[in-house]
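Structure, as structure tokens:
Atoms within a ligand are numbered from 1 in the order they appear, just like the ligands themselves.
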Amino acid sequence: MTNPSGFGAARRLTFHVPLSTTRADRLVAELASRKPASVTDFGCGWGELLLRVLDAAPQAHGIGVELHGPDVERARGNAAGRGLAHRATFVEGDAREHLSPADLVISSGAYQAFGSIPDALQALRPLVNPGGRLLFSCEIWERTPTAEELTNLWPGSTVDTCLHLPDLVDQAVAAGFRPLGIETSTRGEWDSFESGFAADAEEWLLANSNHPEADAERARLDAHRTTWLRGSREVVGFAFLTLGVPTDTPRTAERP
Ligand SMILES: C[S@@+](CC[C@H](N)C(=O)[O-])C[C@H]1O[C@@H](n2cnc3c(N)ncnc32)[C@H](O)[C@@H]1O
């Protein structure tokens, strides 16, 4: 038996990104006020953001695509529990194989589905219907990490893993979007997220210190805390971009 504490399932979290419900509900209200008919969330996790949009936009139908089966089950259960199952479809699979265009496209903490951050912005642009919106959120550098901080970050992290905020917005513009909203998570949102991610497993450890898996769980939790407190906390931010696309198709170059 491995991971009996459920570490990683993130049951205590509302979102799988550093996002407060206050910020989420404001973003959702802004996006829903445009009355999107279709919403696609690529890498939707357990679908909380998509379900909030559907709740606020009663005319909308939504598709959430997610690789992780247990999150898809959680999303379907939550949709049914809120009376949204008839308007919410959750697909277990790879985002790149389910490229449904929509009036509102969401990619929140899930750019990896399309490669790098610039790759994701380029891939998502044609999926946003004319006049539509993309809510794009991802990690950013608050400052460039030192070599030691990089070794304490997630395995494989390099200085190119994230962008600084101005460069991120420039990449969005280069992909064909205009920036309508640019905001970043607070330290409090990050701390709630990281603490909430570990809390169930920490509680389990306190109650099961003689369990045969206790040492392995303690090691996982300690490594997670090191990544956060000695790696990401000072240097990794999180940006939420509300991006618009033109209502008309771009002009083709005129002949001289
Ligand atoms: C940090 S979580 C964010 C989840 C959700 N968007 C939220 O805000 O709560 C990133 C999610 O992207 C999913 N993901 C990563 N690559 C994917 C892919 N190629 N296709 C679909 N989902 C993917 C992961 O399984 C994970 O659930």
Side-chain angles (χ1 to χ4, degrees), residues 3 6-28 31 39-56 62-79 82 84 88-102 104-124 127 133-140 153-157 161-162 181 183-185 189-190 192-198 224 227-228 232 236-243:
N3 198 10
F7 182 50
R11 287 266 158 200
R12 285 206 192 190
L13 297 178
T14 306
F15 304 100
H16 205 165
V17 293
L19 171 63
S20 67
T21 53
T22 305
R23 186 191 304 279
D25 288 343
R26 176 174 49 73
L27 289 169
V28 163
L31 295 165
V39 188
T40 308
D41 188 339
F42 296 106
C44 65
W46 50 88
E48 183 61 30
L49 205 48
L50 176 58
L51 292 176
R52 286 184 187 226
V53 170
L54 295 181
D55 217 13
I63 299 173
V65 189
E66 170 55 50
L67 273 183
H68 189 55
D71 283 350
V72 175
E73 285 308 309
R74 185 172 166 186
R76 289 177 181 149
N78 288 348
R82 295 188 209 177
L84 293 169
T89 303
F90 289 100
V91 178
E92 182 179 341
D94 191 319
R96 289 163 297 189
E97 291 166 15
H98 299 276
L99 298 175
S100 295
L104 170 58
V105 173
I106 300 171
S107 168
S108 186
Y111 70 83
Q112 303 90 329
F114 297 100
S116 68
I117 291 169
D119 290 342
L121 289 162
Q122 294 283 346
L124 291 165
L127 302 177
R133 299 285 182 265
L134 169 66
L135 178 65
F136 186 79
S137 79
C138 68
E139 292 83 356
I140 52 171
L153 283 176
W154 312 281
S157 297
T161 301
C162 298
E183 52 192 274
T184 56
S185 299
E189 284 172 296
W190 262 121
S192 294
F193 171 71
E194 295 289 3
S195 300
F197 193 83
H224 172 79
T227 300
W228 171 29
S232 67
V236 182
F238 203 84
F240 294 89
L241 306 184
T242 302
L243 301 169

Exercise. Under 3.5 Å, side chain of W46 to main-chain N/O of P70, donor-acceptor pair present?
Worked result: no

Before signing off on this row, confirm whether S108 and ligand 1 have an N or O atom pair separated by under 3.5 Å.
yes

If you scan protein heavy atoms around atom 24 (C) of ligand 1, the nearest is E66 OE2, 3.4 Å

- Message: With nothing but distance in play, are any N or O atoms of F15 less than 3.5 Å from an N or O of ligand 1?
- Response: no

Numbered in order shown, the ligand 1 atoms found under 4.0 Å of a heavy atom of V17 are 8 (O)

among protein heavy atoms, the one nearest atom 22 (N) of ligand 1 is L67 N, 3.4 Å

Under 4.0 Å from one or more heavy atoms of G93, ligand 1 contributes atoms 20 (N), 21 (C)

Under 4.0 Å from one or more heavy atoms of D94, ligand 1 contributes atoms 18 (C), 19 (N), 20 (N)

Examine H16 against ligand 1 and note whether any of their N/O atoms are separated by less than 3.5 Å. yes

The reported gap from CZ in F240 to CZ in R26 (rounded to nearest 0.5 angstrom) is 10.0 Å

For a salt bridge (Lys or Arg N to Asp or Glu O under 4.0 Å) check, start with the C-alpha distance between R74 and E48, then their side-chain angles and the critical distance, and finish with the verdict.
CA-CA 10 Å; R74 185 172 166 186; E48 183 61 30; over 6 Å; no

Ignoring hydrogens and geometry, is there a side-chain-to-backbone donor-acceptor pair from S137 to G109 under 3.5 Å? yes

Could you check whether E194 and H224, counting side-chain N and O atoms only, form a donor-acceptor pair closer than 3.5 Å? yes

heavy-atom search around atom 20 (N) of ligand 1 in the protein gives A95 N, 2.8 Å

Query - contact_flag E48 ligand 1 heavy-atom lt 4.0 Å - result: no

pair R82-R52: side-chain heavy atoms closer than 4.5 Å: yes

ask   = For the ring pair F114 and F42, is the centre-to-centre distance below 6.0 Å?
value = yes

For G45, the ligand 1 atoms with a heavy-atom partner under 4.0 Å come out as 4 (C), 5 (C), 27 (O)

- With the side chain counted from C-beta on, respond yes when Y111 and L124 share a heavy-atom pair under 4.5 Å apart, and no when they do not. no

Exactly one of T161, I117, V236, V17 clears side chain to side chain contact (heavy atoms under 4.5 Å, CB included) with E139, and that residue is V236

Checking heavy atoms under 4.0 Å, the part of C44 that sits near ligand 1 is backbone

Judged by heavy atoms only, the candidate from A110, G43, G109 nearest atom 4 (C) of ligand 1 is G43

**Item:** ligand 1 to H68 polar contact by distance, N or O atoms, under 3.5 Å
**Value:** no

